[in-house]
Every structure is written in structure tokens, then in C-alpha cells.
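Report on the structure given below.
Everything quoted here is computed from the prediction, not taken from an experiment. Letters go in sequence order (proteins before strands), and every chain restarts at 1.
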Amino acid sequence: MAKITLPDSSIIEAADGVSAKQIAEQIGAGLARVAIAAKINDRIVDLTARITGDVSLQIITSKDTAGLDIMRHSCAHVMAEAICDLWPSAKLVYGPNVEEGFYYDIDLDEPIRPGDFERIEEKMNQIVKADKPFIRKEMPRAEALLKLAGDKYKTDNVNRAAGDTISFYSSGDGFEDLCRGPHVPSTGKIGAFKIMSVAGAYWHGDPTQKMLQRVYGTCWRNKKELDDYLMRIEEAKRRDHRVIGRQLDLFSFNDAGPGFAFMHPNGMIIWNLVVEFWRDVHNKFNYEEIKTPIVLNKELWHRSGHWEHYKENMYFTRFDDVDYAIKPMNCPGGCLVYKTRKHSYREFPLRVAELGLVHRHEASGVIHGLFRVRQFTQDDAHIFCTPDQIESEIIGVIELTFEIYRAFGFEDFHVELSTKPENHIGSDEIWESATNALKEALRHKKIDYKINEGDGAFYGPKIDFHIQDCLKRSWQLGTIQLDFSMPQRFELVYTDKDNTEKTPVMIHRAVLGSFERFIGILIEHYAGEMPLWLSPEQARIMPISEKSNDYARALEAKLKSHKLRCSCDLSDEKIGAKIAAAHTEKLPLMLVVGPREAQSDSVNVRIRGREQTKTMKTDEFIKSAAKKIADKEIGLNF
RNA sequence: GCCAACGUAGCUCAACGGCAGAGCUCCGGUUUUGUAAACCGGAGGUUGAGGGUUCGAAUCCCUCCGUUGGCUCCA
């Protein structure tokens with residue numbers, strides 16, 4: 001006898017071996033119709049799964065996240081069947097879900113092109129319409145390996161799978177695929193789908209392996225959800241910093257220097273404001289600032305270990321028969337500054353910041369707007385301290401980091417901790433204590449984090465701060481890295497209490513990561529609508545007609561004397577056109593002035609994106625704007 | 001670096017073997033305007049670069065450069 005507890009705590013009794021589907025039918029025909037899978041004792045299984053004994057049961061529908069996940073994976077199978085039908089020589093590799101859809105890796109010599117998507121979708125539609133059941137077949141591992149003999153990809157998948165029982169699913173017209181499951185009961189249960197893109201992907205992410213074709217698709221409960229998703233992508237593309245950067249004349253790129261950003265006057269205004277703010281916060285946290293050369297002798301890079309570990313990404317130059325490298329990191333220069341005098345434990349922790357311009361020859365395929373460039377300015381700093389100061393220093397860096405992120409309204413980021421890699425230097429003991437110091441600091445600040453085992457730098461463990469761009473791609477901002485290598489390589493020392501020379505600990509950290517990337521992220525974060533304090537132009541003065549131009553000019557001079565960034569639109573256009581132009585430029589404030597305002601020394605304030613306007617005395621406006629700027633207010637309410 | 005797609009005026013795009021075009025921007029003029037785009041005119045191009053096929057190439061083929069989306073890598 002099976003005793004089945006439902007989510008509402010009610011209990012159904014049935015004969016052993018009853019299927020989840022039968023129970024769903026017993027609960028209600030409506031539920032049975034929308035049922036996709038079942039959760040038996042926290043394990044998600046097919047609806048056909050048999051129930052024995054005392055269990056808890058939940059029927060999963062497409063409303064559940066798990067139901068949508070299952071639907072997507074079943075959709076991947078349908079896509080695989082369609083592709084195998086169109087290209088019989090296609091070999092299936094691996095087809096997991098991703099955040100908002102799925103992909104399937106396929107080994108096929110003939111390239112699948114975007115132009116083929118339509119016929120793949122057509123074939124998929126036929127399969128879905130036929131509403132054939134997904135049927136699970138189980139067999140022992142040995143039998144599965146025999147069955148898959150000759151298919152190196154699926155054999156590999158079986159070898160990587162856990163457990164002794166291997167399952168296959170068949171659906172459609174004799175299509176069968178190795179799969180753990182579960183699946184929807186039949187292909188007709190799959191909602192609205194679309195093939196999104198195709199891209200190359202290495203088998204197991206290994207560049208020495210064959211490049212496969214990865215076909216991306218998305219699948220939603222219904223057409224409306226699919227359309228909403230496609231709309232969201234379109235919206236996101238409108239936030240793309242590369243598009244907005246051109247629209248707002250912030251920066252550009254040129255074939256003359258791929259991966260090297262040209263910052264325009266508007267972009268530099270934002271840049272300099274971020275630098276100014278950054279300096280204020282670093283002063284508050286007792287940092288000093290230095291600047292080290294961009295081009296340094298090659299020998300230095302041998303000593304630092306960069307030659308050995310980073311040569312492929314470095315630029316080199318040669319003159320007067322001497323080889324030089326263009327710095328990819330600031331630390332060696334920082335070490336040379338440290339060595340210019342003797343240091344005492346009394347001056348520790350020594351926090352030395354540098355806005356260092358570095359060059360890294362990134363692979364051509366990874367260059368991406370301001371997010372991934374070949375020349376960038378790091379907001380770097382090196383903290384020299386004693387081992388027992390590590391944890392408090394890390395806490396200090398985290399506090400400084402949050403203070404800076406908060407000013408820009410960033411709440412949505414995540415933290416990752418990377419631990420000892422296989423190729424590392426230093427003893428296990430020192431790695432363990434350093435990693436624990438990082439963990440303790442995170443625990444102390446009550447920060448959740450993800451652990452990337454073995455992903456640390458060769459010289460020490462690290463904490464990274466990540467943020468997502470408008471298309472949900474994740475980008476690293478700040479980083480905190482413990483470095484046991486550099487102080488030794490450069491023979492850095494300090495004199496301790498006992499008058500002996502010891503090696504300091506070096507903490508390498510960046511908060512914004514790179515100014516280029518950070519400005520790109522700011523643009524996407526605000527969709528180009530910068531808060532008042534960061535806006536390249538804060539207010540545009542718009543005379544109603546030429547008759548008010550003199551008042552407009554006088555007003556401009558007055559606002560500028562109060563350090564407001566503004567200009568006059570003295571064109572022959574009507575006021576509506578001037579407003580439209582200002583909106584296109586995403587200006588926060590528009591000041592419409594005509595004879596009325598001129599007479600009363602006032603301005604009519606119009607706020608970006610709003611219909612209603614407000615007339616106020618010029619002095620009152622200046623005071624109010626100045627306060628918003630000083631407070632770095634994000635809202636524009638006047 | 002690898003796979004695929006794409007490079008036409010400053011920007012967004014059309015023409016897809018047969019005279020390179022539109023809107024916006026820019027320049028000149030008319031208009032003197034009260035809250036999201038007035039009107040008229042003009043300028044702007046060896047179609048990313050080089051080679052090939054063809055009577056004829058933006059269009060077809062090859063090489064290179066760049067861009068986009070992924071993979072690997074990474075701030």
C-alpha cells in the first residue's frame with residue numbers, strides 16, 4: 001500500500017506501483033492535463049514514475065520553475081531531433097539548460113547557419129504537434145556502454161554520469177537520446193520556443209578539442225511569455241553601452257587601435273568625476289597615491305614572474321638595444337617604490353593606490369566595447385602589512401568597496417572566493433591561513449559568496465566582485481588578492497618589533513576594476529540617464545525664441561559661475577524641437593526661458609522623461625541643484 | 001586565438017550582377033516660435049582593404065583587417 005502525502009498535507013492511499021500521473025488524475029482532471037512531472041520525496045521524476053510506500057508527492061506543472069526547466073530540456077531534445085532529421089550526420093554531444101533557455105552541442109562538419117533556424121523550428125513544430133510521448137528506458141551501465149559503442153561523446157557522458165543505472169529517452173519518430181531526465185509526458189506539452197543563435201564551442205571547453213556547434217534556443221510556457229522575453233532582449237540592447245556611448249558622444253573605437261578606447265569630452269567628464277569621488281573615498285580610508293611608469297625594462301618582468309606567467313598577453317618594445325615591456329599590471333612598479341626606503345612595522349598597514357594605465361594583449365575574439373579592452377586604467381592599490389593585519393585590512397577594503405558601489409546605486413552584485421590552484425607557490429599552511437582570512441572577513445561582513453575551487457592566482461587566493469550587464473553577462477569589477485610571491489621576488493622587507501627584517505604581506509586590490517569597464521557598466525546601469533552629479537551636461541537652457549537669447553546667455557553665465565555644467569540651445573528651432581533634442585541626449589534638466597521668466601529672474605524646469613514642469617526663481621533652482629549634486633542624488637525630483 | 005554571421009554617407013538603414021539612395025546629423029536660407037522633432041535648398045560615398053570572376057561587381061569567389069554573438073581567457 002502506498003501512502004502519499006500531498007503538499008496541502010492531505011493523504012492519498014493507493015496500491016503500490018501507482019504512477020504519479022494516476023494520482024494527478026485522482027486529484028483532478030485539470031491538474032492531470034497541465035501536469036509535467038512529479039516531485040517524489042524531493043526528487044523530480046517523470047509522471048510515469050511508480051510510487052511505492054510512504055512518500056510525499058507534488059505534481060509539477062509549467063507554473064513551477066522546475067516545470068519550466070523540464071519543458072526547456074525537453075525542447076532541447078526536440079531541437080536535437082529536428083537537427084538530426086535535417087542533418088543525418090549530426091552527432092549529439094551535450095544539451096543542458098541555461099538561464100533563459102537551453103543549448104545543444106552538436107558535432108557536424110557542415111555549418112548550421114542562422115538562415116537554417118526557420119526550417120529547424122518548422123521541424124520542431126511538426127514534432128510538437130505530433131504530441132508523441134517521451135518514453136524512459138533504463139539499463140545497467142555496461143549495457144548502455146555497449147549500446148553507445150562508437151559514439152565517443154555519449155560514451156563520455158555515460159562515463160561521467162553517476163550511478164549504475166543509465167537512462168535513455170525516446171520521443172518523436174524513433175529519436176532516442178541518452179538523458180537523465182525527467183521530461184514532459186509528451187512533446188505537445190512544450191510551450192513557445194525559438195532558436196536564438198549558433199556559435200562554436202570546444203568540447204569540454206578545451207581548446208585542443210574539436211570545435212562543436214552550439215545551437216542556443218529558448219522556450220517559454222506560451223507565446224506571450226516568449227514575446228515578452230524577446231522584447232526584454234530588445235530593451236536590453238537599447239541599454240548597450242556601445243550604442244549609448246555613440247549616441248551620447250562619450251567614447252569611440254577605431255580600426256587604428258582595436259580594443260583601445262578613445263574617450264570623448266563627454267566621456268571624460270564622467271571619468272574625471274568618478275576619479276574625484278574615488279580619491280575622496282581613498283583619502284578617507286588613509287590611502288596614499290603613486291604613479292609608476294608604463295614602460296619598464298624586461299628584466300623587471302622576469303623578476304616579477306610576469307614573463308613566465310603572462311608573456312602571451314604583454315606588449316614589448318625595444319630601443320637603444322634594450323628590451324622593454326609595457327606594463328600589464330602595476331605591482332612591480334609599486335614594489336620598486338616600496339624599495340626606495342626602509343620600512344618599519346610602525347607604518348603598517350601601508351596603503352598605496354595607483355590609477356595605473358595597463359596594456360594587455362587580449363585575444364581578438366574577447367574584445368567587447370569598454371567591458372573588455374586592451375588598454376585600461378586600473379584603480380589599483382597595494383597594501384603592505386603584517387600577517388595578523390590581513391583580516392582587518394580585507395574588512396577595510398570591503399567597506400571601502402561597498403561605500404563606492406553604494407554611491408552609484410549598485411545593489412545587485414555577487415562575490416566569489418577563488419582558492420588554491422594546482423599550479424601555485426607557497427606552502428599549504430600559508431594558503432590555508434590566507435584563504436581563512438578571506439573567509440573570515442566575508443563572514444564578518446555577512447556576505448554570501450560562491451567558492452571557485454582552484455581558481456585563485458598562482459600567488460594567492462582572491463575575492464572578486466561581479467556585476468551583470470544588460471544582457472545578463474557577468475563582469476568582474478573589484479578584486480582582492482593576497483600575494484605571497486611578489487614580496488619575496490622583490491625581496492621586500494620591513495623591520496619588525498624585534499629588530500629583525502621580515503617579509504611583508506602584499507594585498508593587491510581594485511574596487512572599480514578598470515575605469516573603462518566601470519564607466520561602461522554605469523552607462524548600462526543608468527541606461528545612459530546619468531544622475532545629475534555624473535551628467536556631462538546637467539542643464540540645457542532653451543529660449544522660447546531669439547528674443548530671449550540674451551536672458552538665456554546671462555543665465556548660462558550665472559549657472560556656470562555656480563559650477564553647473566550647462567549650455568544654451570540658441571538654434572532657430574521651436575521649443576518642442578529643442579526639448580526633443582535634449583531628451584535624445586538624455587539631459588537631466590531642461591530650463592525653458594521666455595519673456596515671462598526673463599522678467600521674474602526665474603526658470604521653467606523640465607525634468608528628463610516628465611511632462612509637468614515647474615517654474616522657480618533662478619537662485620532657488622541653483623541651490624536645489626547644487627544640493628542634489630553634492631549629495632550624489634540619483635533621483636531628479638525638484 | 002577558434003567557430004559563425006556581418007562591414008554601404010558622421011549615425012540608422014535601402015539597393016542584392018546593370019546609373020549607389022532615404023531619414024537623421026551637418027551647412028545655407030525662410031520662420032520668431034511656450035513644452036517630445038516647422039519649411040525650402042545644399043553638401044556628404046573609389047560600398048572596410050587588396051586581389052580575382054564578368055561586357056559589367058556594393059552584390060559572386062579568395063586573402064587580410066574590423067565588428068557582432070559564442071567558446072577559451074579575463075579587470
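Nucleotides B/G42 and B/U54 are separated by 38 Å at their C1' atoms, to the nearest Å. Straight-line distance between the C1' atoms of B/C24 and B/G17: roughly 31 Å, to the nearest whole Å. The C1' atoms of B/A36 and B/G70 are separated by 39 Å, rounded to the nearest whole Å. The separation of B/A22 from B/A43, taken at their P atoms, amounts to 11 Å, rounded to a whole angstrom. B/G21 and B/G34 have their P atoms separated by 39 Å, with the value rounded to a whole Å. Only the C1' atoms considered, B/G44 is 13 Å distant from B/C11, to the nearest whole Å. Here, B/A9 and B/G1 have their C1' atoms 34 Å apart, quoted to the whole Å. To the nearest whole angstrom, the two C1' atoms, one in B/C3 and one in B/C55, are 39 Å apart.
Note on A/I579: a base of the nucleic acid sits closer than 4.0 angstrom, heavy atoms only. Residue-level contact check: A/N604 touches the bases, meaning some heavy atom is under 4.0 Å from a base atom. Counting any heavy atom pair closer than 4.0 Å across all strands shown, A/G520 reaches no nucleic acid atom. Nucleic acid contact for A/Q209: none, since no nucleic acid atom lies under 4.0 Å from a heavy atom of the residue.
Note on A/E235 versus A/R238: salt bridge recorded, some NZ/NE/NH1/NH2 to OD/OE distance being below 4.0 Å. Between A/E362 and A/R372 a salt bridge is recorded (basic side-chain N to carboxylate O distance below 4.0 Å). Electrostatic pairing of A/R119 and A/D116 counts as a salt bridge here, judged by a charged N lying under 4.0 Å from a carboxylate O. With respect to the salt-bridge test (charged N to carboxylate O, under 4.0 angstrom), the residues A/D156 and A/K152 do not qualify. Comment: A/K462 does not engage A/E416 in a salt bridge, judged by the lack of any side-chain N to carboxylate O separation of less than 4.0 angstrom. Taking the charged nitrogens against the carboxylate oxygens, A/E411 and A/R406 have no contact shorter than 4.0 Å, which rules out a salt bridge. Between A/R540 and A/E585, at least one side-chain N (NZ, or NE/NH1/NH2) sits under 4.0 Å from a carboxylate O, which counts as a salt bridge.
Just one residue in the list A/Q213, A/M211, A/K210 forms a side chain to side chain contact (heavy atoms under 4.5 Å, CB included) with A/D107, and that residue is A/K210.
Using a 4.5 Å heavy-atom cutoff, the side chains of A/H282 and A/E289 are not in contact.
Rounded to whole Å, atom C1' of B/C2 lies 17 Å from atom CD of A/E312. Between the CZ atom of A/R113 and the P atom of B/A5 there is a distance of 5 Å, given to the nearest Å. Whole-Å rounding puts the A/E585 CD to B/A36 C1' distance at 13 Å.
In this structure, the nucleotide among B/G34, B/U33, B/A36 sitting nearest to the side chain of A/R596 is B/G34.
For the pair A/Q378 (side chain) and A/G513 (backbone), a donor-acceptor distance under 3.5 Å is absent. A donor-acceptor pair is defined here as one N or O able to donate and one able to accept, closer than 3.5 Å; no such pair exists between the side chain of A/N254 and the backbone of A/G257.
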Distances for protein N or O near nucleotides 9-12 of chain B N or O, under 3.5 Å:
{"unit_1": "B/U12", "atom_1": "OP1", "unit_2": "A/R246", "atom_2": "NH1", "d": "2.8"}

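Applying the 4.0 Å criterion to OP1 and OP2 of B/G34, one finds that A/R606 has every side-chain N and O outside that range. Residue A/K574 places no side-chain N or O under 4.0 Å from the OP1 or OP2 atom of B/G34.
When Watson-Crick and G-U wobble pairs are counted only if both distances are under 3.5 Å, B/C13 pairs with B/G21. In this structure, B/U46 makes no Watson-Crick or G-U wobble pair, since no nucleotide meets both defining distances under 3.5 angstrom. Nucleotide B/C6: paired with B/G66 (Watson-Crick or G-U wobble, both distances less than 3.5 Å). Across all strands shown, B/C71 pairs with B/G1; the Watson-Crick or G-U wobble distances both stay below 3.5 Å. With a 3.5 Å ceiling on both atom-pair distances, B/U33 lacks any Watson-Crick or G-U wobble partner. When both pairing distances are held under 3.5 Å, B/A58 makes no Watson-Crick or G-U pair with any nucleotide shown. Across all strands shown, B/C27 is found opposite B/G41 as a Watson-Crick or G-U wobble partner, with both distances under 3.5 Å.
Within the model, atoms CG of A/L212 and CG of A/D105 stand 5.5 Å from one another, a figure rounded to the nearest 0.5 Å.
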Check: Which nucleotides of nucleotides 40-47 of chain B have their base under 4.0 Å from a protein heavy atom (B), which only their sugar-phosphate (S), and which neither (-), written as one string 5' to 3'?
Finding: --------
Check: What string of B, S and - do you get for nucleotides 69-75 of chain B, 5' to 3', when a contact is any protein heavy atom under 4.0 Å?
Finding: BBBBBBB
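Counting all heavy atoms, side chain and backbone alike, A/Q247 lies closest to A/K586 at OE1-CE, 4.2 Å.
A side-chain donor from one of A/H264 and A/D249 sits under 3.5 Å from a side-chain acceptor of the other.
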